[in-house]
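Let me begin by presenting the structure, written as structure tokens, before commenting on it.
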Amino acid sequence: MQRYTLHGQTIYLGLAQIAEIEERTIADLLQERQRAGFFRDLEELVQRLPISLDQLRILIRANALRFTQKTKQELLWEVHALMNKQQKP
């Protein structure tokens, strides 16, 4: 597994380099992305993946969801709202 990607002067670390991320989360994320393409936003990611709030918070804090073009703070608020919405019957 590749540990990093270099684009110009920016280095992007691989998901496996994120502390506390579970191997299962990485596998699920990569498999789903290969199956159905890139995620459009956080809501789609939550709908397509069996992922816990803790794992989502780790990804957000590691800036792994920068494709959304939202701040970490915005994503943390959004993820809590989405997860609460999923838990309601």
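Throughout, numbering of the chain's residues begins at 1 and tracks the sequence.
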Apply the side chain to side chain contact (heavy atoms under 4.5 Å, CB included) test between I60 and each candidate in E78, K72, E74; give the one that qualifies.
-> K72

Can you tell me how far CG of L45 sits from CZ of R33, rounded to the nearest 0.5 angstrom?
-> 10.5 Å

L65 side chain near F39 side chain, heavy-atom distance below 4.5 Å = no

Nearest-0.5 Å distance that lies between atom CG in D28 and atom CZ in R48 | 12.0 Å

In Å and rounded to the nearest 0.5 Å, what is the CD to CG distance from Q31 to L49?
-> 10.0 Å

Whether Q55 side chain and E22 backbone form a donor-acceptor pair below 3.5 Å = yes

Check the pair L42, V79 against side-chain contact (heavy atoms from CB on, under 4.5 Å), reporting the backbone distance first and the verdict last.
-> CA-CA 7 Å; L42 177 61; V79 77; 3.8 Å; yes

Enter the distance from R61:CZ to L76:CG here, rounded to the nearest 0.5 Å.
-> 6.0 Å

Are I58 and F67 co-members of a hydrophobic cluster defined by side-chain heavy atoms under 4.5 Å apart?
-> yes

From NE2 (H80) to CE (M83), nearest 0.5 Å = 9.5 Å

Shared hydrophobic cluster for L30 and L59 (ILVMFWY, side-chain gaps under 4.5 Å) = yes

Distance, nearest 0.5 Å, that separates CG of D41 from CG of L82 = 8.5 Å

Would you mind reporting whether V46 and L56 have side-chain heavy atoms less than 4.5 Å apart?
-> yes

